Amino acid sequence: MYKLAPSMLSADFSRLGEQFKILEDNGVEWLHIDVMDGQFVPPISFGMPVITSIRKCTKMFFDVHLMVDEPGRYAEDLKKCGADMVTVHAEACKHLDRTLQAIHDQGMQAGVVLNPATPLNVIDYVMDRLDMVLLMSVNPGYGGQSYIPAVTQKIRDLRKKLDDAGYPNIPIEVDGGVNAKTVDEVLDAGAEILVAGSAVFKDDIAANVQFFHDKFAARA
Ligand code: DX5
Ligand code: ZN
């Protein structure tokens, strides 16, 4: 039920294969891949050639978080790169419903991402087409920022909204500032998939992963 999705944005890009092996050897199943276009968010991170390369060295589930304007344009390319799940920002799509359809048409899972200030009701009429909802708990664009406390209530509200609408199986992923200080609060509120960048890749990766897995085991 619970999953850790390490964000490779905080990895050492000169040793990606080596670090992915440590993740896999320690039971990590998901890799969170942050693609930024320099438009929707100021930075440019990396794109298709990098995803294609890393697909060759890991079997982890590729959870691709697109911080990109009009992300539906890239559905076909992302499928070719080996993406498993693509999440798109509601704020970045003129036609959110069509964008989700474009991702599903490629045989990938599709999720919506909401910035901290974006209300939950933007998903009201696409819930039946969602494989996941990702709530940003920082403003997107950078790793290593502090968790925004107001998002805790938003996680609770979203869990209730999905359950009430008959979608108890749609998981909530939370991204930004998830670490030893905030993990309990985020799990208590109802998140099941935790993105963690700096809290995984800083210092001892294996020990950091174990920390999160112990938290999950305590709740199983
Ligand atoms: C921020 C990215 C995050 C980021 C998280 O825009 O979406 O995935 O890498 O980093 P931490 O866990 O360090 O806040
Ligand atoms: Zn992310």
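These numbers come from a predicted model, not from an experiment. Heavy atoms only: backbone and side chains are in, while hydrogens, waters and symmetry mates are out. The chain is numbered in sequence order, starting from 1.
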### Intermediate values then yes/no, salt bridge (charged side-chain N to carboxylate O under 4.0 Å, His left out), K59 and E24
CA-CA 8 Å; K59 292 194 163 40; E24 285 187 294; over 6 Å; no
#### Entry: V195 and V178: CA distance, side-chain angles, deciding distance, side chain to side chain contact (heavy atoms under 4.5 Å, CB included) verdict
CA-CA 7 Å; V195 177; V178 175; 6.0 Å; no
#### Entry: Test side chain to side chain contact (heavy atoms under 4.5 Å, CB included) applied to D184 and R219, step by step
CA-CA 10 Å; D184 288 317; R219 286 163 189 265; 3.6 Å; yes
### Message
With salt bridge (charged side-chain N to carboxylate O under 4.0 Å, His left out) as the criterion, how do R55 and D84 come out once you've worked through the C-alpha distance, each side chain's angles and the decisive distance to 0.1 Å?
### Response
CA-CA 11 Å; R55 187 67 286 177; D84 295 296; 3.3 Å; yes
### Task
Before giving the answer on side chain to side chain contact (heavy atoms under 4.5 Å, CB included), spell out for L120 and V133 the whole-Å C-alpha distance, their side-chain angles and the decisive distance to 0.1 Å.
CA-CA 10 Å; L120 293 175; V133 180; 5.9 Å; no
### Task
Determine, stepwise, if the pair Y74 / V35 fulfils side chain to side chain contact (heavy atoms under 4.5 Å, CB included).
CA-CA 11 Å; Y74 299 109; V35 177; over 6 Å; no
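Counting only heavy atoms from C-beta outward, the side chains of V28 and P6 approach each other to under 4.5 Å. The closest side-chain heavy-atom distance from Q19 to T58 is not below 4.5 Å. In this structure the side chain of Y167 reaches within 4.5 angstrom of the side chain of D128, judged on heavy atoms. Considering only heavy atoms from C-beta on, L162 comes within 4.5 Å of I123 through its side chain. Annotation: side chain of F201 is in contact with side chain of L23 (closest heavy-atom distance under 4.5 Å). Looking at M36 and L9, their side chains come closer than 4.5 Å, going by heavy atoms from C-beta outward. Looking at heavy atoms from C-beta onward, V183 lies in side-chain contact with F211 at the 4.5 angstrom threshold. Using a 4.5 Å cut-off on side-chain heavy atoms (C-beta onward), V186 and Y147 make contact.
Side-chain N or O atoms of N179 include one that pairs as donor or acceptor with a backbone N or O of T182 at under 3.5 Å. Looking only at distances, no side-chain donor or acceptor of K154 sits under 3.5 Å from a matching main-chain atom of S137. Looking only at distances, a side-chain donor or acceptor of Q145 sits under 3.5 Å from a matching main-chain atom of N139. Checked by atom type and distance alone, the side chain of S10 pairs as donor or acceptor with a backbone atom of S198 at under 3.5 Å. For the pair D131 (side chain) and G111 (backbone), a donor-acceptor distance under 3.5 Å is absent.
Across G177 and V138, no two heavy atoms sit closer than the pair N-CG1, 4.0 Å. G72 and A102 make their closest contact through O-CB, 4.5 Å (heavy atoms, listed as atom of the first residue, atom of the second, distance). Contact detail for P71 and A92: the closest heavy-atom pair is CD-O, 3.7 Å. When all heavy atoms of I22 and A206 are compared, the closest pair comes out as CG2-N, 3.9 Å. In terms of heavy atoms, V174 sits closest to A191 at CG2-CB, 3.6 Å. The minimum heavy-atom distance linking K202 with N208 is given by the pair O-ND2, 2.7 Å.
Between the side chains of H65 and D63, no donor-acceptor pair is found at a separation under 3.5 Å. Remark: the Q153 side chain and the R156 side chain contain an N/O donor-acceptor pair separated by less than 3.5 Å.
In this pair, F40 and H89 present their aromatic rings tilted. The plane angle is within the 30 to 60° band.
Atom-to-atom distance recorded for I172:CD1 and I193:CD1 is 9.5 Å, nearest 0.5 angstrom. Atom-to-atom distance recorded for E91:CD and D69:CG is 10.5 Å, nearest 0.5 angstrom. Atom CG of residue D175 and atom CG of residue L114 lie 12.0 Å apart, to the nearest 0.5 angstrom. Within the model, atoms CG of D12 and CD1 of I205 stand 8.5 Å from one another, a figure rounded to the nearest 0.5 Å. How far CD1 of I148 is from CG of N115: 9.0 Å, rounded to the nearest 0.5 Å. In this structure, CG in D77 is found 9.0 Å from OG1 in T52, a value given to the nearest 0.5 Å.
Under the 4.5 Å side-chain heavy-atom criterion for grouping Ile, Leu, Val, Met, Phe, Trp and Tyr, V64 is connected to V112 within one hydrophobic cluster. Taking hydrophobic clusters as Ile, Leu, Val, Met, Phe, Trp and Tyr residues chained together by side-chain heavy-atom distances below 4.5 Å, Y125 does not share a cluster with I170. Cluster membership check: F46 does not share its hydrophobic cluster with I44, using side-chain heavy-atom separations under 4.5 Å among Ile, Leu, Val, Met, Phe, Trp and Tyr. Linking Ile, Leu, Val, Met, Phe, Trp and Tyr whenever their side-chain heavy atoms come within less than 4.5 Å leaves M136 and V126 in two separate clusters. The hydrophobic clustering, which links ILVMFWY residues whose side-chain heavy atoms are closer than 4.5 Å, places L134 and L4 apart.
Atom CD of E76 is surrounded by 12 or fewer heavy atoms from other residues, nucleotides or ligands within 6.0 Å.
When T99, I103, V113, L78 are each tested for a side-chain contact (heavy atoms from CB on, under 4.5 Å) with L66, only one passes: L78. In summary, of the residues considered (Q109, E192, M85), a side-chain contact (heavy atoms from CB on, under 4.5 Å) with M132 occurs for M85 alone. Applying the salt bridge (Lys or Arg N to Asp or Glu O under 4.0 Å) test between D163 and each of R159, K161, K160 identifies R159 as the sole match. The only member of Y2, F61, F20 that meets ring pair (Phe, Tyr, Trp, His ring centres under 6.0 Å) when paired with W30 is F61.
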